[in-house]
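Each residue takes its place number in the sequence, starting with 1. Fair warning: this is a prediction, and the values are worked out from it, not measured in the lab.
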Amino acid sequence: MTSRNSGHLQRVLSWAIIVCAATLCQQLPAVNSVELTFELPDNARECFHEDITKNQTATLEFQVVSGGKYDVDVTLESPAGEVIYRQIKTQFDSYQFVAAASGVYVACFSNEFSTFSHKIVYMDFQVGEEQPLPGIEEHATVLTQLESSAQEIHKGLNAILDYQTHHRLREAQGRKRAEDLNERVLWWSLTETAAILLIAIGQVLVLRNFFSEKKPSQMNYQLMK
């Protein structure tokens, strides 16, 4: 009877921890973040502006999902116009920095080197650090087991969100490559089939010409020559 009560109590405590963590996560102030997937046409350049305060931490992460050789040119400029980050023909990268001055920072993605390849680019521009759970930062005593578990669950949920985002990007990139490969195989098969048919028809015509009987008038004409 004691073991049953103990198991029931553990299950109730586990659900209470999960509910508590979910509630606390909803009460947290959200980090200022711009996360989107956009199309970058050929010979085009797209820029995104973000207002950042001095000494604030920011992270720029990007990945080319599809198009061409899966590469773009990326630059990040400070409010003074100084280029603090640059990548040439890069597939993916992540750059973290601390703002040296307050103002508007500009992140630009360029596909100007490509003549006819459209690109699909994923970008995540996070500004600021995530705030701790309410009541934990100013905690005067040691964290209780419930508070520690809620904090660990919160970190685990954030990690799961990041993993899901990266897995979705990899899945989209792999699917696009598979579709491109399938299209190439299809066109190659059609071209090979057409070539085989043309060769077969040509061989039939040549063999038919070899074994065809000539008319007497044609034979006499050739003898007279």
Side-chain angles (χ1 to χ4, degrees), residues 25-26 28-131 154-187:
C25 289
Q26 292 178 355
L28 281 175
V31 178
N32 187 13
S33 175
V34 177
E35 184 177 8
L36 53 88
T37 303
F38 62 95
E39 181 178 1
L40 187 61
D42 54 289
N43 296 319
R45 178 184 175 92
E46 294 287 344
C47 295
F48 301 89
H49 302 75
E50 188 67 31
D51 191 5
I52 305 177
T53 309
K54 184 178 179 180
N55 296 329
Q56 201 171 21
T57 303
T59 303
L60 175 63
E61 183 178 0
F62 68 92
Q63 180 174 345
V64 182
V65 180
S66 65
K69 295 183 180 180
Y70 299 85
D71 53 354
V72 291
D73 295 342
V74 184
T75 58
L76 180 63
E77 297 182 1
S78 65
E82 178 186 0
V83 178
I84 60 177
Y85 172 75
R86 183 193 299 273
Q87 288 292 335
I88 305 298
K89 294 184 178 180
T90 306
Q91 296 184 358
F92 60 90
D93 197 13
S94 178
Y95 176 69
Q96 185 176 16
F97 65 98
V98 178
S102 300
V104 177
Y105 287 74
V106 183
C108 293
F109 298 84
S110 174
N111 193 30
E112 295 174 336
F113 59 86
S114 180
T115 306
F116 51 84
S117 296
H118 288 229
K119 308 289 177 64
I120 302 295
V121 183
Y122 163 82
M123 182 197 70
D124 185 11
F125 202 168
Q126 296 184 0
V127 178
E129 297 181 353
E130 187 176 5
Q131 299 295 327
H154 176 64
K155 292 180 180 178
L157 291 175
N158 288 334
I160 290 174
L161 291 176
D162 292 337
Y163 284 133
Q164 285 180 338
T165 300
H166 289 291
H167 281 302
R168 282 197 298 268
L169 292 173
R170 290 181 181 178
E171 188 273 334
Q173 191 177 56
R175 184 176 66 252
K176 182 61 179 177
R177 288 184 176 179
E179 290 175 353
D180 293 340
L181 180 61
N182 183 42
E183 185 178 359
R184 292 181 181 180
V185 171
L186 175 62
W187 285 109

Atom [atom1] in [X], atom [atom2] in [Y]: separation rounded to 0.5 Å?
X	Y	atom1	atom2	answer
Tyr85	Gln87	OH	CD	4.0 Å
Glu179	Arg184	CD	CZ	13.0 Å
Leu40	Ser110	CG	OG	7.0 Å
Tyr95	Arg86	OH	CZ	12.5 Å
Leu76	Phe109	CG	CZ	9.0 Å
Thr115	Asn43	OG1	CG	6.0 Å

- request: Determine, stepwise, if the pair Glu39 / His118 fulfils side-chain contact (heavy atoms from CB on, under 4.5 Å).
  value: CA-CA 7 Å; Glu39 181 178 1; His118 288 229; 3.1 Å; yes
field: CA sep, side-chain torsions, deciding dist, call: Glu35, Tyr122, side chain to side chain donor-acceptor pair (under 3.5 Å)
entry: CA-CA 8 Å; Glu35 184 177 8; Tyr122 163 82; 2.7 Å; yes
task: Compare all side-chain heavy atoms of Thr90 with those of Phe92 and state whether any distance is below 4.5 angstrom.
output: no
query: Is any side-chain heavy atom of Met123 less than 4.5 Å from a side-chain heavy atom of Val74?
result: no
query: Between the side chain of Asn111 and the main-chain N/O of Pro41, is any donor-acceptor distance below 3.5 Å?
result: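 Pair found, side chain donor or acceptor close to backbone of Pro41.
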Minimum-distance pair of heavy atoms, taken over all atoms of [X] and [Y]:
X	Y	result
Asp73	Lys89	OD1-N, 2.7 Å
Ala101	Pro79	O-CG, 4.3 Å
Ala99	Ile52	CB-CG2, 3.6 Å

- prompt: With under 30° as parallel and over 60° as perpendicular, where do the rings of Phe97 and Tyr105 fit, or are they tilted in between?
  reply: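 Tilted.
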CA sep, side-chain torsions, deciding dist, call: Thr75, Arg45, side-chain contact (heavy atoms from CB on, under 4.5 Å): CA-CA 11 Å; Thr75 58; Arg45 178 184 175 92; 3.7 Å; yes
task: Show your reasoning for whether side-chain contact (heavy atoms from CB on, under 4.5 Å) applies to Ile88 and Phe113.
output: CA-CA 10 Å; Ile88 305 298; Phe113 59 86; over 6 Å; no
query: Is there a side-chain contact (heavy atoms from CB on, under 4.5 Å) between Glu46 and Cys108 once you walk through the steps?
result: CA-CA 6 Å; Glu46 294 287 344; Cys108 293; over 6 Å; no
Donor-acceptor pairs under 3.5 angstrom involving side-chain atoms of residues 55-72: please list them, not counting sequence neighbours.
unit_1: Gln56; atom_1: OE1; unit_2: Thr53; atom_2: N; d: 3.1
unit_1: Glu61; atom_1: OE2; unit_2: His166; atom_2: NE2; d: 3.3
unit_1: Asp71; atom_1: OD1; unit_2: Lys119; atom_2: NZ; d: 3.3

